[in-house]
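Any value given below was found using the heavy atoms of this structure, including those in side chains, with hydrogens, waters and symmetry copies removed. All residue numbers refer to positions in the sequence shown, counting from 1.
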Amino acid sequence: GKLPFCAMGVSSVIHPKNPHVPTMHFNYRYFEIEEADGTKQWWFGGGTDLTPTYLNEEDAIHFHKTLKEACDKHDLKLYPKYKKWCDDYFYIKHRGERRGIGGIFFDDMDSPSKEEVFQFVKSCAKAVVPCYIPIVKRHCHDSFTPEEKQWQQLRRGRYVEFNLVYDRGTKFGLLTPGSRIESILMSLPLTARWEYMHTPPESSKEAEILEVLRNPKDWVH
């Protein structure tokens, strides 16, 4: 039957050309559904996560510490909870690895009150620029080789796989009548690459990032 609802939010994905500048994604959203008797159910969701081509521990620590500070303003339990949720959510099951090095992620958040959750979401959204832009400035002029660019394209292929196979937002959008397909698929990189059974050399920089994607780290302790 008819189930009136409203949905609003802001979503952004940045796929830099330079393989030493990580991809960054954030999304914060609000849903409200009106039941047949007129009562309304509401919830917030969202998160911010980082997907580097190469691991830079200084960048990872800065990114996670900034998000932790935003969460800690509201409750010290939130960052570890939503950090784990992020690691679990952005998991490419058929590859046995995460899409990136995580961040925070939460969904269906409807307590303690609408105003308190909204204040928390605003704190997270305001942390997007300070958690990411310093990383961009640090690496945007780094030189890179054709081989490093090729590895970036392979990692972009993993990004595509997650978004098309597992991402809840993509599935929700494609199932919504009259939705704009181009808006739903805006999170995909312009270019990506796949190679049959590609495995990077042991002890390489490429193997280093894979280890972290397979075994998430605690970046803030």
Side-chain angles (χ1 to χ4, degrees), residues 13-27 46-71 78-106 124 127-128 130-140 142 144-145 147-167 187-189 192-195 197-221:
V13 182
I14 299 174
H15 291 294
K17 292 182 178 180
N18 191 317
H20 297 295
V21 182
T23 286
M24 190 275 294
H25 156 258
F26 77 90
N27 171 278
T48 305
D49 62 280
L50 197 70
T51 306
T53 301
Y54 289 96
L55 181 63
N56 182 297
E57 293 209 356
E58 183 181 350
D59 294 345
I61 292 169
H62 165 79
F63 185 81
H64 278 270
K65 276 191 171 181
T66 306
L67 294 177
K68 182 178 183 298
E69 288 169 4
C71 293
L78 294 179
Y79 170 77
K81 178 181 178 181
Y82 295 152
K83 192 268 187 191
K84 183 181 185 305
W85 197 338
C86 188
D87 289 335
D88 292 342
Y89 177 75
F90 291 104
Y91 182 58
I92 308 172
K93 297 176 185 177
H94 60 274
R95 297 284 188 183
E97 61 192 47
R98 275 77 189 164
R99 189 177 77 176
I101 62 166
I104 57 172
F105 179 84
F106 57 91
C124 294
V128 168
C131 79
Y132 182 60
I133 296 304
I135 297 174
V136 175
K137 291 181 176 179
R138 193 177 299 139
H139 298 292
C140 62
D142 289 1
F144 56 89
T145 66
E147 291 75 21
E148 289 171 333
K149 186 67 179 177
Q150 181 174 322
W151 176 246
Q152 180 199 50
Q153 295 301 292
L154 290 170
R155 298 313 310 167
R156 294 268 164 92
R158 300 290 202 270
Y159 205 96
V160 171
E161 289 176 25
F162 176 84
N163 284 32
L164 293 183
V165 177
Y166 299 113
D167 186 70
S187 62
L188 301 180
R193 183 184 180 99
W194 286 264
E195 287 187 15
M197 300 297 286
H198 181 275
T199 303
E202 289 186 21
S203 302
S204 64
K205 294 291 289 183
E206 291 79 12
E208 180 184 34
I209 185 70
L210 277 182
E211 173 60 27
V212 172
L213 299 178
R214 291 167 179 162
N215 302 288
K217 290 183 62 173
D218 178 353
W219 298 103
V220 297
H221 296 100

Salt bridge check: are [X] and [Y] linked by an N-O gap of less than 4.0 Å?
X: K217; Y: E57; answer: yes
X: E147; Y: K149; answer: no
X: D87; Y: R98; answer: no

Quick check: do [X] and [Y] have side-chain heavy atoms less than 4.5 Å from each other?
X: L50; Y: I135; result: yes
X: I101; Y: I209; result: yes
X: S187; Y: H25; result: no
X: V160; Y: W194; result: yes
X: C131; Y: T48; result: yes
X: N18; Y: C140; result: no
X: I61; Y: V220; result: no
X: L210; Y: R155; result: yes

Heavy-atom closest pair, residues [X] and [Y]:
X: H62; Y: P134; answer: NE2-CG, 3.7 Å
X: E58; Y: N56; answer: N-OD1, 3.1 Å
X: K93; Y: Y166; answer: CB-OH, 3.5 Å
X: G103; Y: C86; answer: N-SG, 3.4 Å

Please tell me whether [X] and [Y] have a donor and an acceptor in their side chains that are separated by less than 3.5 angstrom.
X: Y54; Y: H139; result: no
X: N163; Y: R99; result: yes
X: D167; Y: Y89; result: yes
X: H20; Y: Q152; result: no
X: H64; Y: D218; result: no

Does [X] use its side chain to pair, donor to acceptor, with the backbone of [Y] at less than 3.5 Å?
X: W151; Y: T53; result: yes
X: Y132; Y: P22; result: yes
X: S204; Y: P200; result: no
X: E211; Y: E208; result: no

Atom pair [atom1]/[atom2] of [X] and [Y] - distance to nearest 0.5 Å:
X: M24; Y: I14; atom1: CE; atom2: CD1; result: 4.5 Å
X: T51; Y: L213; atom1: OG1; atom2: CG; result: 8.5 Å
X: C124; Y: F26; atom1: SG; atom2: CZ; result: 12.0 Å
X: W219; Y: L67; atom1: CH2; atom2: CG; result: 13.5 Å

Can you list everything that forms a ring pair (Phe, Tyr, Trp, His ring centres under 6.0 Å) with Y159? Sequence neighbours excluded, please. H15
Walk me through whether R214 and R95 qualify under side chain to side chain contact (heavy atoms under 4.5 Å, CB included). CA-CA 9 Å; R214 291 167 179 162; R95 297 284 188 183; over 6 Å; no
Report the C-alpha separation of L55 and K205 in whole Å, then their side-chain angles, then the decisive distance to 0.1 Å, and conclude whether the side chain to side chain contact (heavy atoms under 4.5 Å, CB included) test is met. CA-CA 8 Å; L55 181 63; K205 294 291 289 183; 5.8 Å; no
Mind running side chain to side chain contact (heavy atoms under 4.5 Å, CB included) on H198 and E206 for me, showing each step along the way? CA-CA 11 Å; H198 181 275; E206 291 79 12; over 6 Å; no
Students often mix this up, so state it plainly: with edges at 30° and 60°, are the rings of F90 and F105 parallel, tilted or perpendicular?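 Perpendicular.
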